[in-house]
**Student:** 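Before anything else, here's the structure in question.
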Amino acid sequence: MIFGLHKIVMSVAMTVIKFMPYAVVALLARTIVSNGIPAILEVSSFVAAIYIAMALIMLLHIIIVALHGVSPVMFVKKSIGTWLMAFTSRSSVGTLPMTISTLTNRMGVNSGTSNLVGSLGSTIGMNGCAGFFPAMIVVMVAHMVGIETNMQFYIMMLIVVTIGSIGIAGIPGTATVAATIALSGMGMGEHFALIGMVLAIDPVIDMARTLANVSGTMTAAVATDREMGLMDMTVFNDPNAGLDSEEA
């Protein structure tokens with residue numbers, strides 16, 4: 001029954017995503033008419049900000065790994081293949097098998113931890129799609145409509161984004177849902193059309209978001225296993241560990 005419900009939900013989500021390009025065209029046209037060329041420049045700045053945010057969050061991941069007594073250099077070397085898969089596929093769920101395999105076979109993370117944290121990381125607390133992206137959308141729209149962004153605004157945004165991040169599907173395009181939830185939660189749902197330009201170039205942004213998602217999942221798994229004392233450091237420190245299983 002659970003698997004049946006899962007298929008139904010995924011089918012509905014994919015149907016919405018398939019029709020999304022048509023809605024984006026309408027939103028894009030309305031945004032250009034309403035805001036003109038400056039809107040395009042606004043989006044270019046937003047894309048740059050997204051990639052800067054991705055770099056900062058991944059730097060934070062590396063620091064967390066290092067604080068848990070794990071070599072950040074080895075972590076990056078063993079993660080790079082999975083990160084590239086996430087970046088190009090734009091799907092946390094699609095990358096999940098490779099994420100679990102890398103954690104278990106290449107990094108020595110306990111299989112139970114890999115499967116549990118990996119699966120949860122594909123739907124809960126995704127650093128990109130349900131983290132910095134909707135937060136940045138909210139701030140951008142607030143500036144566009146002239147809403148004051150004071151401390152109270154940021155605290156409320158943090159609460160809304162955190163709650164809204166629970167249960168966001170790890171498939172391409174669903175970050176739009178997270179942005180919608182964040183805007184509605186902040187009382188700016190009527191200004192959704194203003195992000196039409198962002199949605200028009202969503203694939204470019206989605207690559208950075210998904211990379212941050214998967215990196216966060218792997219970091220959480222390593223940190224959890226180190227805290228529990230289950231991680232096999234012999235496997236982690238072996239640069240060739242798990243290569244045979246990946247080739248197979």
Side-chain angles (χ1 to χ4, degrees), residues 49-104 106-110 112-137 157-179 181-182 202 205-228 230-231 236:
I50 284 288
Y51 276 83
I52 292 173
M54 178 203 71
L56 291 175
I57 199 70
M58 293 190 69
L59 177 61
L60 179 60
H61 293 162
I62 293 173
I63 293 173
I64 292 173
V65 166
L67 291 175
H68 282 83
V70 175
S71 169
V73 175
M74 187 65 72
F75 176 76
V76 171
K77 285 183 178 180
K78 293 194 172 185
S79 299
I80 193 70
T82 307
W83 288 351
L84 288 174
M85 175 66 177
F87 189 79
T88 54
S89 69
R90 299 167 44 225
S91 172
S92 299
V93 171
T95 312
L96 182 57
M98 188 172 182
T99 301
I100 294 175
S101 175
T102 300
L103 287 170
T104 305
R106 295 279 286 143
M107 296 189 180
V109 175
N110 180 270
T113 304
S114 299
N115 282 275
L116 177 61
V117 178
S119 300
L120 287 177
S122 298
T123 55
I124 296 177
M126 294 187 290
N127 294 175
C129 292
F132 61 76
F133 174 71
M136 293 173 69
I137 284 287
M157 181 184 70
L158 178 63
I159 295 172
V160 170
V161 170
T162 301
I163 295 175
S165 68
I166 301 174
I168 298 297
I171 54 179
T174 52
T176 305
V177 177
I181 294 172
D202 188 67
I205 298 174
D206 200 24
M207 291 188 292
R209 292 190 308 236
T210 308
L211 177 55
N213 294 342
V214 174
S215 176
T217 298
M218 298 179 75
T219 301
V222 170
T224 299
D225 227 39
R226 287 292 290 169
E227 290 284 351
M228 297 177 64
L230 299 175
M231 187 168 174
F236 179 84

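Atom set for the values below is all heavy atoms of this structure, side chains included, hydrogens, waters and symmetry mates excluded.
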**Student:** Looking only at heavy atoms, what is the nearest atom pair of Leu96 and Ser119, with distance?
**Tutor:**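 Closest approach of Leu96 to Ser119, heavy atoms only: CD1-N, 4.0 Å.
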**Student:** For Ser114 and Ile100, work out which heavy atoms get closest and say how close.
**Tutor:**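 Heavy atoms only, the tightest pair is O-CG1, 3.8 Å.
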**Student:** Nearest 0.5 Å please: distance from the CE atom of Met54 over to the CG atom of Leu56.
**Tutor:**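 Spacing of CE (Met54) from CG (Leu56) equals 9.5 Å.
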**Student:** Between CG of Asn110 and OG1 of Thr104, what distance do you get to the nearest 0.5 Å?
**Tutor:**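 These two atoms lie 8.0 Å from each other.
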**Student:** Looking at every non-hydrogen atom in both residues, tell me the closest pair between Met107 and Met218 and how far apart they are.
**Tutor:**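 Shortest heavy-atom separation between Met107 and Met218 comes out as CE-CE, 3.6 Å.
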**Student:** Once rounded to the nearest 0.5 Å, what's the spacing between atom CD1 of Ile80 and atom CZ of Phe75?
**Tutor:**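 Between atom CD1 of Ile80 and atom CZ of Phe75 there are 11.0 Å.
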**Student:** So, using side chain to side chain contact (heavy atoms under 4.5 Å, CB included) as the criterion, who are the partners of Ile159 when residues are at least two apart?
**Tutor:**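 Applying side chain to side chain contact (heavy atoms under 4.5 Å, CB included) to Ile159 gives Ile155, Ile163.
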**Student:** Which heavy atom of Val161 sits nearest a heavy atom of Ala182, and at what distance?
**Tutor:**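 Taking every non-hydrogen atom into account, CG2-CB, 4.4 Å.
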**Student:** Any idea which heavy atoms bring Arg226 and Gly69 closest together, and the distance?
**Tutor:**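 Taking Arg226 first and Gly69 second, the nearest heavy atoms are NH2-O, 3.8 Å.
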**Student:** Test of understanding: with side-chain hydrogen bond (donor to acceptor under 3.5 Å, both in side chains), list the residues that count as partners of Thr219, not counting sequence neighbours.
**Tutor:**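 Result, side-chain hydrogen bond (donor to acceptor under 3.5 Å, both in side chains) vs Thr219: none returned.
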**Student:** Quick one: list whatever passes side chain to side chain contact (heavy atoms under 4.5 Å, CB included) with Ala53, sequence neighbours left out.
**Tutor:**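 Applying side chain to side chain contact (heavy atoms under 4.5 Å, CB included) to Ala53 gives Phe132, Met136.
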**Student:** If the condition is side-chain hydrogen bond (donor to acceptor under 3.5 Å, both in side chains), which residues does Thr224 pass it with, not counting sequence neighbours?
**Tutor:**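 Scan of Thr224 (side-chain hydrogen bond (donor to acceptor under 3.5 Å, both in side chains), adjacent residues dropped) gives none.
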**Student:** Looking at Ala221 and Leu103, what are the two nearest heavy atoms and their distance?
**Tutor:**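 Closest heavy-atom pair between Ala221 and Leu103: CB-CD1, 3.6 Å.
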**Student:** Walk me through whether Met207 and Thr88 qualify under side chain to side chain contact (heavy atoms under 4.5 Å, CB included).
**Tutor:** CA-CA 6 Å; Met207 291 188 292; Thr88 54; over 6 Å; no
**Student:** Please name all residues satisfying side chain to side chain contact (heavy atoms under 4.5 Å, CB included) with Ser71, sequence neighbours left out, ordered by chain then number.
**Tutor:**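 Ser71 satisfies side chain to side chain contact (heavy atoms under 4.5 Å, CB included) with Val73, Met74, Phe236 once adjacent residues are dropped.
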**Student:** Between Thr210 and Asp206, is there a donor-acceptor pair closer than 3.5 Å when you use the side chain of the first and the backbone of the second?
**Tutor:**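 Checked: pair present.
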**Student:** Filter on side-chain hydrogen bond (donor to acceptor under 3.5 Å, both in side chains), then keep only pairs touching residues 51-69, sequence neighbours left out; what's left?
**Tutor:**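 Applying side-chain hydrogen bond (donor to acceptor under 3.5 Å, both in side chains) to every pair that reaches into residues 51-69, excluding sequence neighbours, yields His61-Asn127, His61-Ser215, His68-Glu227.
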**Student:** How many angstroms lie between atom CG of Asn213 and atom CD1 of Ile57, to the nearest 0.5 angstrom?
**Tutor:**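 If I round to the nearest 0.5 Å, the distance is 10.0 Å.
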**Student:** Sequence neighbours left out, what passes side chain to side chain contact (heavy atoms under 4.5 Å, CB included) with Pro72? Give chain and number order.
**Tutor:**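 Expected list: Ile62, Ala66.
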**Student:** To the nearest 0.5 Å, how far apart are CG in Leu211 and OG1 in Thr95?
**Tutor:**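 So the gap between those two atoms works out to 9.5 Å.
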**Student:** Under the rule for side-chain hydrogen bond (donor to acceptor under 3.5 Å, both in side chains), what residues qualify as partners of Thr113, not counting sequence neighbours?
**Tutor:**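 Partners of Thr113 under the side-chain hydrogen bond (donor to acceptor under 3.5 Å, both in side chains) test: Asp225.
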